[in-house]
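Step one of this worksheet: look at the structure below.
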Amino acid sequence: MTIKQDTTANQTVKQIEILLVEDNEGDIGLVEEVFQEAKIMNNLNIAEDGEEAMLFLHRKGKFSNVPSPDIILLDLNLPGKDGREVLKEIKEDNELKRIPVVILTTSKAEEDILKSYNLHANSYITKPVDFDQFIRVIKSIENFWLDIVKLPSKGNGSFM
């Protein structure tokens, strides 16, 4: 989490680093739009498939200088390496496992819900098909995970 000084209000503002792992351009655009209207500062990074997400998280290739995310919004149905594989890799990695992962997917399958929680997803949200409901869901994620929840500070990887 990056801390920036807001000179207009002379107060410290948290900049939340968000990684959205999503291959649907329409959903990416909606999430970007909602987060741009957010009351708090945030930086939304996009990975369009599972391989790209893991490169981002391990800061490899074109992602060598990216910040570590404070939270991950993960779609399950991705091309190539799907979201289930990405979630498993994240939660098995000692450097990544404390980053909250919110599953944001179209799947309502009980098997996907159970598997996601068994792999230690922090929450599971089904994307609504209705535009207004989708906006409400994204705003509720923003409200809960970015305003209410206390996220772990970066650099605390050795604390168990």
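- To the nearest 0.5 Å, atom CD of residue Glu85 and atom CD of residue Glu51 are 8.5 Å apart.
- Tracing side-chain contacts under 4.5 Å through hydrophobic residues (I, L, V, M, F, W, Y), one never reaches Val129 starting from Ile135; they form parts of separate clusters.
- With a 4.5 Å cut-off between side-chain heavy atoms of Ile, Leu, Val, Met, Phe, Trp and Tyr, the cluster of Leu96 takes in Leu19, Val21, Met54, Leu55, Phe56, Leu57, Phe63, Val66, Ile72, Leu74, Leu76, Leu78, Val86, Leu87, Ile90, Ile99, Val101, Ile103, Ile113, Tyr117, Leu119, Tyr124.
- The ring-ring contact (aromatic ring centres under 6.0 Å, His included) analysis of residues 73-98, with sequence neighbours excluded, yields no pairs.
- Here Lys139 pairs with nothing under the salt bridge (charged side-chain N to carboxylate O under 4.0 Å, His left out) rule; sequence neighbours left out.
- Scanning for side chain to side chain donor-acceptor pair (under 3.5 Å) contacts around Lys60 gives an empty result, with sequence neighbours left out.
- Rounding to the nearest 0.5 angstrom, the gap separating the NZ atom in Lys88 from the NE2 atom in His120 is 10.5 Å.
- Asn77 places none of its side-chain heavy atoms less than 4.5 Å from the side chain of Asn24.
- A donor-acceptor contact under 3.5 angstrom links the side chains of Asn122 and Lys91, judged on distance only.
- Test Ile71, Val149, Leu73 against Pro100 for side chain to side chain contact (heavy atoms under 4.5 Å, CB included) and you get one pass: Ile71.
- The list of salt bridge (charged side-chain N to carboxylate O under 4.0 Å, His left out) pairs with a residue in residues 108-126, not counting sequence neighbours, reads Arg84-Asp112.
- The hydrophobic cluster containing Leu104 does not contain Leu114, counting ILVMFWY residues as joined when their side-chain heavy atoms lie under 4.5 angstrom apart, directly or transitively.
- The side-chain heavy atoms of Val31 and Ile28, taken from C-beta on, include no pair separated by under 4.5 Å.
- For the atom pair NE2 (His58) and OG (Ser64), the distance works out to 14.5 Å, reported to the nearest 0.5 Å.
- Within the 4.5 Å cutoff, the side chain of Ser123 has heavy atoms near those of the Trp145 side chain.
- Taking CD of Glu142 as the start and CD1 of Ile18 as the end, the distance is 8.0 Å to the nearest 0.5 Å.
- Side chains of Pro79 and Glu48 form no contact here, defined as non-hydrogen atoms less than 4.5 Å apart.
- Annotation for Pro67 and Glu17: closest pair CG-OE1, 3.1 Å, computed over non-hydrogen atoms.
- To the nearest 0.5 Å, the span separating OG on Ser116 from CD1 on Ile125 amounts to 11.5 Å.
- Under the salt bridge (charged side-chain N to carboxylate O under 4.0 Å, His left out) criterion, the residue pairs touching residues 124-134 are Glu22-Lys127, Asp27-Lys127, Asp75-Lys127, with sequence neighbours excluded.
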